[in-house]
Amino acid sequence: MGALLSKFRIEFSSVEIVAGLEMEPTEESIEQYKTFGYIPTVDGEDASDELDAKTKQYIRTGELLRQTSTSDTQLVVVTLPVPRDSTPPRQYMSWLESISRDLPPILMLRGNQQDALTFYC
C-alpha cells in the first residue's frame, strides 16, 4: 500500500493493517446498524436479531477503523465490500454506512482480483 501511495505522490506517515476482524461486533454497534433503515425479514417477519455473518463483518470493520483512526488521520483507505446479486440495495448501503460512519475522509477501492494500475504522467 505504501508503494502505491508513493507512486501517486500521496504523502503518508503510516500504513496500518488492522487485525481483530474475527471478533463479534459490540451490541452498541449492532444497535447503531439497525437504525440505518435496513431491517432483514424472513417470511415477512422482522429478523433484525439474526444478522448474517457478512453484516457482522462489516459492522466490525467499521468498529476497527474507528478504533485505529486518530484525530491526525487524514484519509482512510479500505476495500469496498462486494455485494452478492441477492444483496438488497438498502442492506448494501447500510454496510457502507456502518464502515464509514464517524470517520475522516474514506476512500473505498474495488478491484476485480487482477493487478492493474493506470498511471498517466
Side-chain angles (χ1 to χ4, degrees):
M1 180 59 74
L4 181 62
L5 292 171
S6 295
K7 193 163 220 129
F8 285 100
R9 290 176 272 168
I10 298 174
E11 294 180 19
F12 62 95
S13 58
S14 70
V15 173
E16 295 184 31
I17 299 173
V18 180
L21 195 56
E22 69 283 347
M23 297 172 55
E24 289 284 318
T26 64
E27 283 299 317
E28 180 182 337
S29 294
I30 290 172
E31 290 304 315
Q32 179 71 39
Y33 174 82
K34 291 177 182 179
T35 67
F36 296 154
Y38 175 72
I39 300 173
T41 58
V42 174
D43 297 326
E45 299 293 322
D46 180 350
S48 59
D49 292 336
E50 302 171 19
L51 297 176
D52 64 3
K54 278 282 187 210
T55 298
K56 288 181 179 180
Q57 176 186 347
Y58 296 134
I59 294 171
R60 181 67 181 144
T61 299
E63 284 180 349
L64 292 170
L65 291 173
R66 284 185 286 284
Q67 287 172 9
T68 56
S69 296
T70 66
S71 60
D72 294 336
T73 303
Q74 295 179 359
L75 178 67
V76 175
V77 180
V78 64
T79 303
L80 185 67
V82 179
R84 297 181 204 113
D85 290 339
S86 62
T87 304
R90 196 172 270 232
Q91 180 181 27
Y92 186 68
M93 295 305 294
S94 295
W95 288 349
L96 297 181
E97 180 65 24
S98 66
I99 291 171
S100 61
R101 177 179 54 88
D102 299 332
L103 284 173
I106 185 165
L107 173 63
M108 294 185 176
L109 301 174
R110 173 141 184 232
N112 60 358
Q113 312 308 326
Q114 295 180 357
D115 294 334
L117 178 63
T118 304
F119 183 72
Y120 298 98
C121 293

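Please read all numbers here as calculations on a predicted model, not as lab measurements.
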> Is it true that atom CE of Met93 has more than 12 heavy atoms of other residues, nucleotides or ligands lying nearer than 6.0 Å?
Replying inline: no

Interatomic distance, CD@Gln57 vs CG@Asp52, rounded to 0.5 Å, equals 10.0 Å

Scanning both residues in full, the closest heavy-atom pair of Tyr92 with Pro81 reads OH-O, 2.8 Å

All heavy atoms of Pro83 vs all of Trp95, minimum pair found to be CA-CZ3, 4.4 Å

Looking only at heavy atoms, the pair that brings Val76 and Pro104 closest together is CG2-CG, 4.1 Å

So CG of Leu75 and CG of Leu103: to nearest 0.5 Å the spacing works out to 10.5 Å

Notebook entry, point to check: Quick check: does any side chain N or O of Arg66 sit under 3.5 Å from a backbone N or O of Arg101, one acting as donor and the other as acceptor?
Noted result: yes

All heavy atoms of Ser6 vs all of Phe12, minimum pair found to be OG-CE2, 3.5 Å

Taken to the nearest 0.5 Å, the spacing of Thr73 OG1 from Ile106 CD1 works out to 11.0 Å

Heavy-atom closest pair (Leu21 atom, Leu64 atom, distance to 0.1 Å) is N-CD1, 3.7 Å

(request) Keeping the roles fixed (side chain from Glu63, backbone from Ser29), state whether a donor-acceptor pair exists under 3.5 Å. (result) no

Here the gap from Tyr33 atom OH to Gln91 atom CD, rounded to the nearest 0.5 Å, amounts to 4.5 Å

So NZ of Lys34 and CD1 of Ile59: to nearest 0.5 Å the spacing works out to 9.0 Å

Are Lys54 and Thr87 close enough that some pair of their side-chain heavy atoms sits under 4.5 Å apart?
no

Note: Leu96 and Met108 closest approach over all heavy atoms is CD2-SD, 3.8 Å

Only one of Met23, Glu22, Glu24 passes side chain to side chain contact (heavy atoms under 4.5 Å, CB included) with Arg60, and that residue is Met23

_Check this for me: Gln67, atom CD, are more than 12 non-hydrogen atoms of other residues, nucleotides or ligands nearer than 6.0 Å?_
yes

Assess whether side-chain contact (heavy atoms from CB on, under 4.5 Å) is satisfied between Asp102 and Gln32, documenting all intermediate values. CA-CA 12 Å; Asp102 299 332; Gln32 179 71 39; over 6 Å; no

